[in-house]
Amino acid sequence: MSISSPAQRLQELRTLLQQASYDYYVLDNPRLPDPVYDQLYRELLDLEAANPTLIPPDSPTQRVGAPASRFHSVRHNIPLYSLDNAFDLAELAEWQDRWQRLASPESFSYLCELKIDGNALALTYENGLLVRGATRGDGLTGEEITQNVRAIRSIPLRLKLENPPPIVEIRGEAFLGLDTFRQINQERAQTGESLFANPRNATAGTLRQLDSAVVAKRQLDFFAYTLYLEGVGTELALPQSQWESLEFLQAIGFRVNPKRQRCESLQQVNDYYEHWATARQDLPYLTDGVVVKLNALALQTQLGFTQKAPRWAIALKYAAEEAPTVVEQITVNVGRTGAVTPLAELRPVQLAGTTVSRATLHNADRLRQLDIRVGDTVIVRKAGEIIPEVLRVLPELRPNGALPFQMPDHCPECAQPLFREPDEAVTRCVNASCPAILRRSIQHWASREALDIRGMGERWVEQFVERGLLSSVADIYDLTVEQLQNVDRMGEKSAQNLVTAIAQSKAQPWARVLYGLGIRHVGSVNAQTLTRQFWQVERLAAAEPAAIEQVFGIGKEIAQSVHDWFRVPANQQLIQRLQQSGLQLAGEAAPPQAAQPLAGKSFVITGSLPNLSRDEAKILIQQAGGKVTGSISAKTSYLVVGAEAGSKLIKAEALGVAQLSEAELLALLDENLEAAPEN
């Protein structure tokens, strides 16, 4: 055997196994018997073990790697836009009217694809090799999960291209098949683990596993649907349509949805939509609508994007699935803000692929509208496709003697009187010492988006509060292994792991701490926005509402809520304790602004600008210190006007707001920047 023989045989085995995976997972046409595949795979493992320096990152054996310690945030090379939604054919026709006001092609066609109910992924290939996989996140940034992406068998580690472009970006949907989802939940039930609510949640949870072996075991699947190429030479014929893009994606190694269809008119789109409204029940995965795209890529480029979505595509959604069931009990739940929410405890029913046994009734006003009673037959649906809610009551099936439900006057947890603001629909418990509020606050603090304390689940929090170990989130950082070992069913190892996780949470950034505090109206995005401006807790605590409101994206209600929270003595004491415990209550100071010539001026943008997208214009204005809002008022300094301007232009003219074209905006920026003093 020559010296090069092991390398040659390794390459032969990898080629055979990669082709076998492509035949099996992409073409659904396996040509290599399983025993033969297993034998070749074992030979590859043995050869690579004997020649570790010859193992490339795209080897079939490298799909499952070492466990990750933590995922980190990455910025997408190309943003992942969301889609506008249409819920009936009239709205679809309105969308067609909108894009046809911006473009008038002699002919056009649509491509319809099923909208898979999963999680979007962004894949980056360099010179044909997979180098990065990331979750969608907020569309601009996501979590880098390359090791887990490698474990998805229908995602190629190397593209099937002889001379691949330097950069290939792929967008697609990771999902779980229904049979696989049911099998996972059956296994979790047998081991006493909590069940996944639906395949989408199971997919999201799987993608964030720190051990890629778990990802491989759960058999995620993937459909590719968008292709971006960079640095393409003349030797590669570029796709000219969405249909050709999907064909190209399949040819280079990806699965694409086989149910796609070209449509020459909205009527054909309607036929496709109506067909799958019922036929989707027989699919092996969940779909909640149809994605309609203009087929010609040149037309897509011409139409471009709004701030949030492509103008050339829309999601035609199916109505939320509904099902009848019976109300067995009506209870109330106290949340971390004290909001008391009525809930309908239901006879379990299958809804959108999941079992539903509880549905929100929102508030007292909604209770009165429904006139819901124990024993009623009700129609439930998934509100926003996630949260089950009662849609309507069928009073003709109401049992005799059923009585209307009355919201309690006192908190069911602490027995203190409940309170409702005149201008609010929500009833609240305002007792800061309420055990329910405390439990929910601690659960929120420990949640993944906040301090991410692994192991502090709902069951443990309830016990810690009941035993008096926790009376505020600051108490978390005083817990010891000895204290935790006295809690039912918590052993020494679990206690030590939790104490370690608590210690690690001290390194979480200031933005997460602010979000974890649970201030009303301050979500994770607002927390990041505020901490960029107020980089120390002392600065935010001392700020007046007017100063907080000056931060772009922060409205009056949020500013007042933040200000009021820091005025409460108990909250001030909490901040002091968190500082003493070593939490991160400061970040890096924002870099000094080079020049802010448009500071104090507000802008509104309307219509389509000739060269800049709205996002690009918005960024230029903000970099110069200006504020961009979505509505015209007498306080608006300028309206930036593009083609097809609508009602904002009419209102601006009525209010006497100054108008700028794109060219005038750029001239204003140049003029002010030149006049601005240097630092």
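In this text the structure is predicted, and so the values were computed from the model without any measurement. Because only heavy atoms are used, hydrogens play no part in the values below, and waters and symmetry mates are left out as well, while side chains stay in.
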Just by distance, do the side chain of [X] and the backbone of [Y] share a donor-acceptor pair under 3.5 Å?
| X | Y | answer |
| --- | --- | --- |
| Thr124 | Val131 | no |
| Gln240 | Leu238 | yes |
| Thr206 | Val215 | no |
| Glu173 | Gly118 | yes |
| Glu662 | Gly642 | no |
| Asn148 | Leu207 | yes |
| Thr360 | Glu389 | no |
| Asn119 | Thr135 | no |
| Arg311 | Leu303 | yes |
| Glu144 | Thr146 | yes |

Worksheet item: What heavy-atom pair brings Asp84 and Ile314 nearest, and what distance separates the two atoms?
Response: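 Looking at all heavy atoms of both residues, the closest pair is O-CG1, 3.2 Å.
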Worksheet entry | Exercise: identify the closest heavy-atom pair between Pro310 and Ser82 |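 Closest pair (atom of Pro310, atom of Ser82, distance): CD-O, 3.3 Å.
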Worksheet item: Just by distance, with hydrogens left out, do Asp179 and Gln183 show a side-chain donor and acceptor under 3.5 Å apart?
Response: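 Asp179 vs Gln183: no donor-acceptor pair found between side chains.
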Discussion item. Can you list everything that forms a salt bridge (Lys or Arg N to Asp or Glu O under 4.0 Å) with Arg98? Sequence neighbours excluded, please.
Written reply: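 Partners of Arg98 by the salt bridge (Lys or Arg N to Asp or Glu O under 4.0 Å) criterion come out as none, since no residue qualifies.
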Practice prompt. Measure the shortest side-chain to side-chain distance between Leu227 and Ile170 over non-hydrogen atoms and say whether it is less than 4.5 angstrom.
Written response: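 Yes, at least one pair of side-chain atoms sits under 4.5 Å.
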Discussion item. So Glu169 and His76, do their side chains get closer than 4.5 Å, heavy atoms only?
Written reply: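 His76 does not reach Glu169 side chain to side chain.
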Got a second to check how far [X]'s [atom1] is from [Y]'s [atom2], nearest 0.5 Å?
| X | Y | atom1 | atom2 | result |
| --- | --- | --- | --- | --- |
| Arg158 | Ile252 | CZ | CD1 | 13.0 Å |
| Ile152 | Leu130 | CD1 | CG | 10.0 Å |
| Cys112 | Trp276 | SG | CH2 | 12.0 Å |
| Leu159 | Asn127 | CG | CG | 10.0 Å |

Worksheet entry | side chain to side chain contact (heavy atoms under 4.5 Å, CB included) between Lys259 and His275, worked out | CA-CA 11 Å; Lys259 309 303 181 183; His275 168 75; over 6 Å; no
Worksheet item: Does the side chain to side chain contact (heavy atoms under 4.5 Å, CB included) test come out yes or no for Tyr638 and Leu665, once each step is laid out?
Response: CA-CA 9 Å; Tyr638 297 101; Leu665 170 64; over 6 Å; no
[X]: side-chain contact (heavy atoms from CB on, under 4.5 Å) partners, not counting sequence neighbours:
| X | answer |
| --- | --- |
| Leu89 | Leu92, Asn270, Leu316 |
| Pro105 | Trp99, Ala103, Phe108, Leu299 |
| Lys160 | Gln19, Tyr22 |
| Thr180 | Leu176, Ile184, Gln219 |

Worksheet item: Are Arg262 and Glu264 within salt-bridge range, i.e. N to O under 4.0 Å?
Response: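 A salt bridge is absent here (no side-chain N lies under 4.0 Å from a carboxylate O).
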Discussion item. Run Leu246 and Phe254 through side chain to side chain contact (heavy atoms under 4.5 Å, CB included) and show every step you take.
Written reply: CA-CA 9 Å; Leu246 295 176; Phe254 290 93; over 6 Å; no
Worksheet item: Between Leu114 and Arg280, does a side chain to side chain contact (heavy atoms under 4.5 Å, CB included) hold up when you go through it step by step?
Response: CA-CA 9 Å; Leu114 294 178; Arg280 67 193 177 113; 6.0 Å; no
Worksheet item: Does Phe223 have any ring pair (Phe, Tyr, Trp, His ring centres under 6.0 Å) partners at least two apart in sequence or in another chain, and if so, which?
Response: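 Partners of Phe223 by the ring pair (Phe, Tyr, Trp, His ring centres under 6.0 Å) criterion, ordered by chain and then number, come out as Phe175, Tyr285.
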Worksheet item: Passes salt bridge (Lys or Arg N to Asp or Glu O under 4.0 Å), Glu187 versus Arg218? Steps please.
Response: CA-CA 11 Å; Glu187 293 172 355; Arg218 291 186 180 170; over 6 Å; no
Discussion item. Students often mix this up, so state it plainly: with edges at 30° and 60°, are the rings of Tyr110 and Trp95 parallel, tilted or perpendicular?
Written reply: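 Rings of Tyr110 and Trp95: tilted, as their planes differ by 30° to 60°.
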Discussion item. Parallel, tilted or perpendicular: which one describes the rings of Phe305 and Tyr81, with boundaries at 30° and 60°?
Written reply: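 Phe305 and Tyr81: parallel rings.
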